[in-house]
Amino acid sequence: MAGKGAKPKKEPLAPPPADLPPAPGIGNMSLAGTMQEIAAMLELKGENRFKIQSYRRAADTLLNMPEDIRAIWRQGRLEDLPNIGEAIAGKIDELLRTGRLQFYERLRAEIPPGVLALTAIPDVGPKTALALYQALGVTSIADLETALAAGRGPEVPGLGAKSLERLRESIAAVKQRAADQRALLAVARPLARQIIDQLRGSGLPIDQIDMAGSIRRGRATIGDMDILCTSPQPQRIVDFFIALPIVGAVVGHGGNKATVRLRNGLQVDLMVLPPEHFGALLHHFTGSREHNIQMRDRALSRGLKLNEYGFDRPDGTRILCAREEDVFATLGLPWIPPELREGAGEIEAAGRGRLPHLVTVADIKGDLHNHSKWSDGTATIEEMARAARDRGYQYMAITDHSQSLTIAGGLTVDQIRQQAAEVAEVNRQLAPFRVLHGVELEIKTDGTLDYPDAVLASLDIVVASVHQGLRHEAERVTQRVIDACRNPHVDIIGHPTGQILNSREPSGLDVAALIAVARTTGTALEINASPERLDLNEIYTRQAVEAQVLLAVDTDSHHPEGFANVEYGITVARRGWAQAADILTTWPLDKVLAWLQQRQ
DNA sequence: GCCGTTTTCGGCCCGACTGTTTTCAGTCG
């Protein structure tokens, strides 16, 4: 028998030769994408659904795991990962060694091109997609639309008149949706709060109300919103909800639920529930899918069946859960914060009493990356400082752009020297509040920094960022950022990957390599809280936390209202399992000053 | 294809909804 705790294996996959580099461009994300594609193609082939599920779960593991897959591979530990066994480990190994996967390429050759795309249509899954292809020969949504318009369709087995009509509507909807995008959390969450406030203020009887789904877990972008509440008068709640001014169209409504589309296009589901089921339903609709699967698995191992109404015992009786805490307690667990519910080890951690004490907005004591009128901000240094002080902060850094970023009014060496006098004056007025004089320093396309070291040494703090040459090849971007990280004057790497949600992909930066360097240099990595950035993301945040690399939640504010965005940076930090001690900007001023001093 | 504090074989999360193939399959969240 194998030793306790270890997963017994006949012959573990050998680690790669020490001198073999991983194939370029292959990391956690791309591997997860490949696994998802394999799952979709196997589904189309009608493969065993549990095999398909295995590839999906392996993809989830890759997406949520806190470590870089290449490091695990190098150590020969692929099969130690949950949901990754001999077969999938072998495929990951093949991809990392050679950059290709024969199994995947054979599947691609087998599946008619374009059929997969049909499954983007609502209510069209693999079975329907294949039937459409076989009966009509269509290999794209456009093909299908043309065929249906020409009166074809009745020859597809299993599709009656109703289904065909529905299909036409779904195609119209999917074409519309392609133009739309997922909403930023910073757009969706205030809307959800507004709806909840209006329902609460309606005068109608509401006992409990909360948002659920990805908005409650705090994902960076939101597809649609779920709001759950309890009330003795569900119909009146539903009627009030669908008549809200913010509602653009009512998609459907009944006695205790309604689906609407807001004026900005976001879909919102409201459900009014019996109070005795509220906890179980809130848990069920908060998800994520993988978290729910693992919770049900844990229930099964205890002879219970978990569903959205509670736990069913083998004798047919039911354990009701009015509060979410009851769901966890029934499985011997403490309540798990929604931000952690991604099925990425939180249930195991909860079971061992090892959940992190997640950082909160209330822990934040300052903000170390902000702009003023001196470059591209809209407020004076004093206005920014007063706004930060009014939030209860002890300090704020002014970090206007450096000279190379001309488009943002970057400061010359002379200008930033002049700026120091204004910072000193604001500090005289607002003491003991402290404005740190800093810069958001360009990491230039040639890899050098935008000010000489002597100038950097005269500043309180330096945030180094990439704005230009984000599309450079991965090795080059990585080298530029790592070189900046190694400069002892650089304190923080700003928005490391440069991603803009919904519009710009992250650069090719090898974040794992950056984390490894930051660990040795003691440089902090930023979680930029600007809602369209959220960079580092939660996955890299967790990698940094595990590596004990310091993080800085900064809002990159260009006006006084920007400080409120700290909420979104904190959400990322929480999703990355960060505690207050991991975050530089939760530290009090004297500790931050001592840290900066010691770095000089 | 993965997994194991009853297990190395035989399971695998659960229920709602819909249409149609009148007893269930497909899709979704």
Side-chain angles (χ1 to χ4, degrees), chain A residues 1-10 35 38-40 42-44 46-61 78-92 103 118-132 154 156-167 169-170 212-215 217 222-226 228 252 254 256-257 259 267 269 271 277 280-281 283-312 318 327 331-332 343 347-348 351-352:
Chain A
M1 281 309 282
K4 208 168 137 77
K7 202 174 2 178
K9 293 179 279 281
K10 282 153 224 135
M35 294 303 143
I38 289 173
L42 292 177
E43 207 165 28
L44 224 38
E47 261 285 2
N48 176 297
R49 68 193 171 101
F50 298 111
K51 185 191 279 194
I52 294 159
Q53 177 182 264
S54 296
Y55 281 97
R56 293 238 155 85
R57 295 183 74 160
D60 275 341
T61 295
L78 285 177
E79 288 175 69
D80 291 348
L81 292 169
N83 304 318
I84 292 180
E86 195 181 342
I88 293 183
K91 292 183 171 69
I92 293 174
F103 176 70
L118 295 177
T119 61
I121 304 168
D123 301 322
V124 176
K127 295 286 192 293
T128 312
L130 207 57
L132 288 167
V156 184
L159 289 188
K162 268 191 178 170
S163 294
L164 288 170
E165 182 51 36
R166 203 180 162 94
L167 193 52
E169 288 168 12
S170 294
S214 54
I215 198 169
R217 299 201 310 280
I222 304 297
D224 51 30
M225 310 202 286
D226 296 310
L228 310 183
N256 50 19
K257 61 195 276 187
T259 299
Q267 182 170 306
D269 293 327
M271 279 171 275
H277 292 149
L281 280 153
H283 176 263
H284 170 80
F285 282 107
T286 298
S288 64
R289 185 177 62 88
E290 185 58 27
H291 170 88
N292 284 355
I293 288 172
Q294 292 180 16
M295 286 287 282
R296 285 167 180 163
D297 199 37
R298 189 175 172 98
L300 281 180
S301 72
R302 289 161 187 243
L304 296 170
K305 203 153 111 175
L306 172 60
N307 56 40
E308 55 260 61
Y309 307 109
F311 294 89
D312 290 337
R318 176 171 279 176
V327 177
L331 296 179
I347 294 170
E348 191 198 2
R352 297 157 160 245

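Within every chain, numbering begins at 1; the chains are lettered A, B, ... in the order of the sequence lines, protein sequences first and strands thereafter.
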With [atom1] as the reference atom in both, quote the distance from [N] to [M] in angstrom, rounded to an integer.
N	M	atom1	result
dT27(B)	dT20(B)	C1'	15 Å
dG11(B)	dT18(B)	C1'	29 Å
dC17(B)	dC9(B)	C1'	35 Å
dT8(B)	dC2(B)	C1'	12 Å
dT5(B)	dC13(B)	P	15 Å

Problem set entry | Minimal non-hydrogen separation, Ala89(A) against Glu79(A), with atom names |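 Closest approach of Ala89(A) to Glu79(A): CB-CG, 3.5 Å.
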For this session: Return yes when atom CZ of Arg302(A) has more than 12 non-hydrogen atoms of other residues, nucleotides or ligands closer than 6.0 Å, and no otherwise.
Result: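 Atom CZ in Arg302(A) is packed in, count exceeds 12.
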Exercise. What is the per-nucleotide protein-contact pattern of nucleotides 24-29 of chain B, from the 5' end, where B denotes a base atom under 4.0 Å from a protein heavy atom, S denotes such proximity for sugar-phosphate atoms only, and - denotes neither?
Worked result: --SSS-
Exercise. Should His284(A) and Asn292(A) count as side-chain neighbours, where that means a heavy-atom distance under 4.5 Å?
Worked result: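 With C-beta onward as the side chain, the pair touches.
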Problem set entry | Nucleotide of dG19(B), dC3(B), dA16(B) approaching Arg166(A) most closely (side-chain heavy atoms) |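 Among dG19(B), dC3(B), dA16(B), the one nearest the side chain of Arg166(A) is dG19(B).
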Give a yes/no answer on whether the side chain of [X] brings an N or O atom under 4.0 Å of OP1 or OP2 in [N].
X	N	result
Asn307(A)	dG15(B)	yes
Arg57(A)	dC13(B)	yes
Ser163(A)	dT20(B)	yes

Problem set entry | Whether Gln267(A) side chain and Asp224(A) backbone form a donor-acceptor pair below 3.5 Å |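 It does not hold such a pair.
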